[in-house]
Amino acid sequence: MQIIVNGESQERDYPLTVTSLLESLDLRSEQVAVEVNLKILDRSDFEIWNLEEGDKIEILSFIGGGSQQPRHR
Amino acid sequence: MSDHPSHDPLIIAGREFRSRLWVGTGKYKNFEETRQAIEASGADVVTVAVRRVNITDKNSENLLDYIDPKKYTILPNTAGCYTVEDAVRYSRLARAAGVSDLVKLEVIGDERTLFPDTAGLIEAAKILIAEGFIVLPYTNDDPIVAKKLMDIGCPAVMPLAAPIGSGLGIRNPYNLKIIMETVKVPVIVDAGVGTASDAALAMEYGADAVLMNTAIAGAKDPIMMATAMRYAVDAGRLAYKAGRIPRKLYATASSPIEGML
């Protein structure tokens with residue numbers, strides 16, 4: 001199936017839970033937030049949440065930041 | 001004197017903070033420099049931004065590997081958000097990525113000045129407070145807006161000293177003083193500090209804390225500047241509590257006249 005992870009189209013085998021997706025990307029679930037089709041998931045749901053064809057997934061984490069920095073164009 | 005004036009914690013929403021210097025984690029050369037500067041600053045609250053992870057580079061490190069969330073209070077911001085919707089979305093993502101309900105709320109109004117959109121700020125704060133967030137709003141040096149933010153339930157307000165990253169120092173000390181007299185919640189002066197004396201002044205005026213990033217990260221020696229800021233904030237706080245002498249136009253002798261020949 002085709003899913004979009006952080007804006008990048010990826011071909012993945014079904015079924016795929018959020019936990020398996022994070023593991024395949026070497027990401028630690030306790031360091032990230034995951035949004036699927038604009039819905040923010042609870043961390044406790046990562047293991048049971050099956051991703052579907054066409055899902056748009058955003059994986060975010062904390063980076064260095066103080067206040068607003070000018071947007072890069 | 002110890003490094004931190006003893007038993008003078010900053011209390012916000014029932015949480016106790018040891019240091020009155022809060023620092024950002026942006027603009028450093030690397031995570032190691034970030035870690036060292038934060039340690040030198042003595043801060044126990046550090047701000048972070050929320051962004052997409054790099055999924056193409058599996059070796060990319062995570063900031064939290066350097067800034068231990070058990071040791072520091074991680075304060076996520078909504079930097080880069082120009083709308084209420086974005087600020088609310090990023091706040092929710094920050095809560096999902098972290099462990100607390102704390103958010104440093106920024107709704108930016110303009111790219112050149114990076115001044116806050118205060119109408120949007122109040123609107124976003126209301127939404128987030130209703131969802132249980134502890135909202136620390138980055139606001140203008142406007143006493144009326146600061147009071148409104150307090151009234152809707154913000155447990156602290158964070159007025160700017162000058163535009164973000166400008167290093168101009170405190171542009172409107174009188175407004176900041178009015179804010180400090182008007183609101184009953186802690187006032188954290190955020191943004192615009194350039195050097196140690198700016199931080200000391202903010203504290204002498206009666207600020208409860210100072211938050212900065214660029215003044216430290218952008219210094220030639222960030223770690224040394226972090227140390228300077230730590231002393232400045234402590235010195236300013238002590239001077240404020242000690243109570244300065246009034247300004248007089250003419251001299252007052254400090255040595256007695258009696259006993260002179």
Visitor: Grab the two heavy atoms, one from Pro76(B) and one from Phe62(A), that are nearest each other, plus how far apart they are.
Guide: CB-CE2, 3.7 Å

Visitor: Side chain, backbone, both or neither: which part of Gln31(A) has an atom under 4.5 Å from a heavy atom of chain B?
Guide: both

Visitor: Decide if atom CG of Asp13(A) counts as having more than 12 heavy atoms of other residues, nucleotides or ligands within a radius under 6.0 Å.
Guide: no

Visitor: Given the rule in the side-chain contact (heavy atoms from CB on, under 4.5 Å) test, do Ile63(A) and Val48(B) qualify, once you have shown the distances and angles that lead to the verdict?
Guide: CA-CA 6 Å; Ile63(A) 64 146; Val48(B) 299; over 6 Å; no

Visitor: Identify which part of Glu8(A) has an atom lying under 4.5 Å from any heavy atom of chain B, answering side chain, backbone, both or neither.
Guide: side chain

Visitor: Tell me if the CD atom of Glu47(A) is crowded by more than 12 foreign heavy atoms within 6.0 Å.
Guide: no

Visitor: Measure from the side-chain N and O atoms of Arg51(B) to the backbone N and O of Leu60(A), and report whether any donor-acceptor pair falls under 3.5 Å.
Guide: no

Visitor: Counting only heavy atoms closer than 4.5 Å, note whether Ile40(A) contacts chain B via side chain, backbone, both or neither.
Guide: side chain

Visitor: Given that the side chain runs from C-beta out, which part of Ile67(B) has a heavy atom under 4.5 Å from chain A: side chain, backbone, both or neither?
Guide: neither

Visitor: Taking Asn54(B), Asp65(B), Ile74(B) one by one, which has the highest count of heavy-atom pairs under 4.5 Å against chain A?
Guide: Asp65(B)

Visitor: Heavy-atom pairs under 4.5 Å with chain A: which of Thr56(B), Leu64(B), Asn62(B) has the most?
Guide: Asn62(B)

Visitor: Checking the side chain of Asn6(A) only, and the main-chain atoms of Ile55(B) only, is there a donor and an acceptor separated by less than 3.5 Å?
Guide: no

Visitor: With a 4.5 Å cut-off on heavy-atom pairs, point out which of Thr34(B), Leu63(B), Thr214(B) contacts chain A the most.
Guide: Leu63(B)

Visitor: Which region of Ala217(B), side chain (C-beta onward) or backbone (N, CA, C, O), has a non-hydrogen atom less than 4.5 Å from a non-hydrogen atom of chain A, or is it both or neither?
Guide: neither

Visitor: Heavy-atom distances under 4.5 Å only: say whether Arg89(B) touches chain A with side chain, backbone, both or neither.
Guide: both

Visitor: Just so I know, are the side chains of Leu93(B) and Glu35(A) near enough to count as touching, which here means a heavy-atom distance under 4.5 Å?
Guide: yes

